[in-house]
Amino acid sequence: MVAPSSTHGFEAFPGWDGSVAGARTLQAQLAAQVVLEDVFPRPLRTVAGFDVGFEDQGDITRAAVVLLDAESLQTLESHVARLPTAMPYVPGLLSFRELPALLLALEMLSQPPDLAMVDGQGIAHPRRLGIAAHFGVATGLPSLGVAKSVLVGDFDAPGPARGDRSPITHRGELVGFALRSKLRCNPLIVSPGHRVSLTTAAELVVRFLAGYRLPEPTRLADRLASRREAGRSSTLPR
DNA sequence: GCGACAG
DNA sequence: ATCTTGTCGC
């Protein structure tokens, strides 16, 4: 039992008994619901970046969300949600630790995004349910994962140019791409979450790059989530 | 048994 | 992820 069922936040995992084995079983079941086809609004109106950070030595989990206009990349809204940390980090079970806070952040938005980009793996996961895929199935929203390092799978180094990518395979399956988002920077690990195809996931990340290693949605959320003394207020541009 | 292991 | 300054390289 890694998660105290009496704590807050776990209504996000209906049917979970709080054990590691139970979490893995639930992942396998939810993974079967993942849609790896492009089923999202065309053209994309908005895109949101999500990331999680910690404060108070890890006792508090802080999730940040930044909603951007998909065409101009201007920030429309940003919010920070806090929740007492209820589970330790267990490789492969990241979503059970961070998803509750992410869902709270999502609820703070005045409107759901057309696409959610989450810091972490999509289907490039042992049971094909990284946090981005879990987020997608749990919310029904199109999603994809952008991680800074690989969890599972093998790949050859992608070319040096921005946009160069190489396939990541795991147990004989294509699960994502190692993407060179910026010259002389380590590649990003991109994989579909839900309602987005493998190739489209990589193309979308490239589309939202703005000169930094991380695509704008995730980069901004990253900055909000890890910044000390981050405010919890929303920011409305004018 | 040994090594790997998102954040 | 987080604890933490300067430093090397492009």
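Letters A, B, ... mirror the listed sequences (proteins, then strands); counts begin at 1.
One interatomic measurement links the two molecules: CD of A/E98 to P of B/dA6, which rounds to 12 Å at whole-angstrom precision. Rounded to an integer number of Å, the gap from CG of A/L214 to P of B/dG7 is 10 Å. For the pair A/M87 CE and B/dG7 P, the computed distance is 16 Å after rounding to whole Å. When rounded to the nearest whole Å, the span between NE2 of A/H125 and P of B/dG7 equals 13 Å. For the pair A/F135 CZ and B/dA6 C1', the computed distance is 17 Å after rounding to whole Å.
Listed by first then second residue, pairs satisfying salt bridge (charged side-chain N to carboxylate O under 4.0 Å, His left out) with a partner in residues 112-125 of chain A read A/D119-A/K148, not counting sequence neighbours.
A/K148 has a side-chain polar atom (N or O) that falls below the 4.0 Å cut-off from OP1 or OP2 of B/dG7.
Proximity of a side-chain donor or acceptor of A/S143 to a complementary backbone N or O of A/A132 within less than 3.5 Å is detected.
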**Prompt:** Where do A/E71 and A/R45 land on the salt bridge (charged side-chain N to carboxylate O under 4.0 Å, His left out) test, with the steps shown first?
**Reply:** CA-CA 7 Å; A/E71 196 276 314; A/R45 259 75 164 193; over 6 Å; no
Atom pairs and distances, donor-acceptor, side-chain atoms in residues 194-206 of chain A, under 3.5 Å, two or more places apart:
unit_1	atom_1	unit_2	atom_2	d
A/H194	ND1	A/V35	N	3.0
A/R195	NE	A/V39	O	2.8
A/R195	NH1	A/G140	O	2.5
A/R195	NH2	A/V39	O	3.1
A/S197	OG	A/D38	OD1	3.2
A/S197	OG	A/D38	OD2	3.1
A/S197	OG	A/T200	N	3.3
A/S197	OG	A/T200	OG1	2.8
A/T200	OG1	A/D38	OD1	3.1
A/T200	OG1	A/D38	OD2	2.6

Pair up each side-chain donor or acceptor in residues 149-168 of chain A with any protein partner under 3.5 Å, not counting sequence neighbours, and list the distances.
unit_1	atom_1	unit_2	atom_2	d
A/D164	OD2	A/A161	N	2.8
A/S166	OG	A/D156	O	2.5

**Request:** Both distances under 3.5 Å, Watson-Crick or G-U wobble: on that basis, could you give the dot-bracket string for DNA chain C, with [ ] for crossing pairs and | for other-strand partners?
**Result:** ..........
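Taking a heavy-atom distance under 4.0 Å as the criterion, the stretch of DNA chain C touched by chain A extends 5' to 3' from C/dA1 to C/dC10.
Side-chain atoms of A/E77 and A/S110 form a donor-acceptor pair, as typed in the model, at a separation below 3.5 Å.
Using a 30° and 60° split on the angle between ring planes, A/F135 and A/F50 fall in the tilted class, from 30° to 60°.
Looking at DNA chain B, no stem turns up: there is no run of 3 or more consecutive Watson-Crick or G-U wobble pairs with key distances under 3.5 Å.
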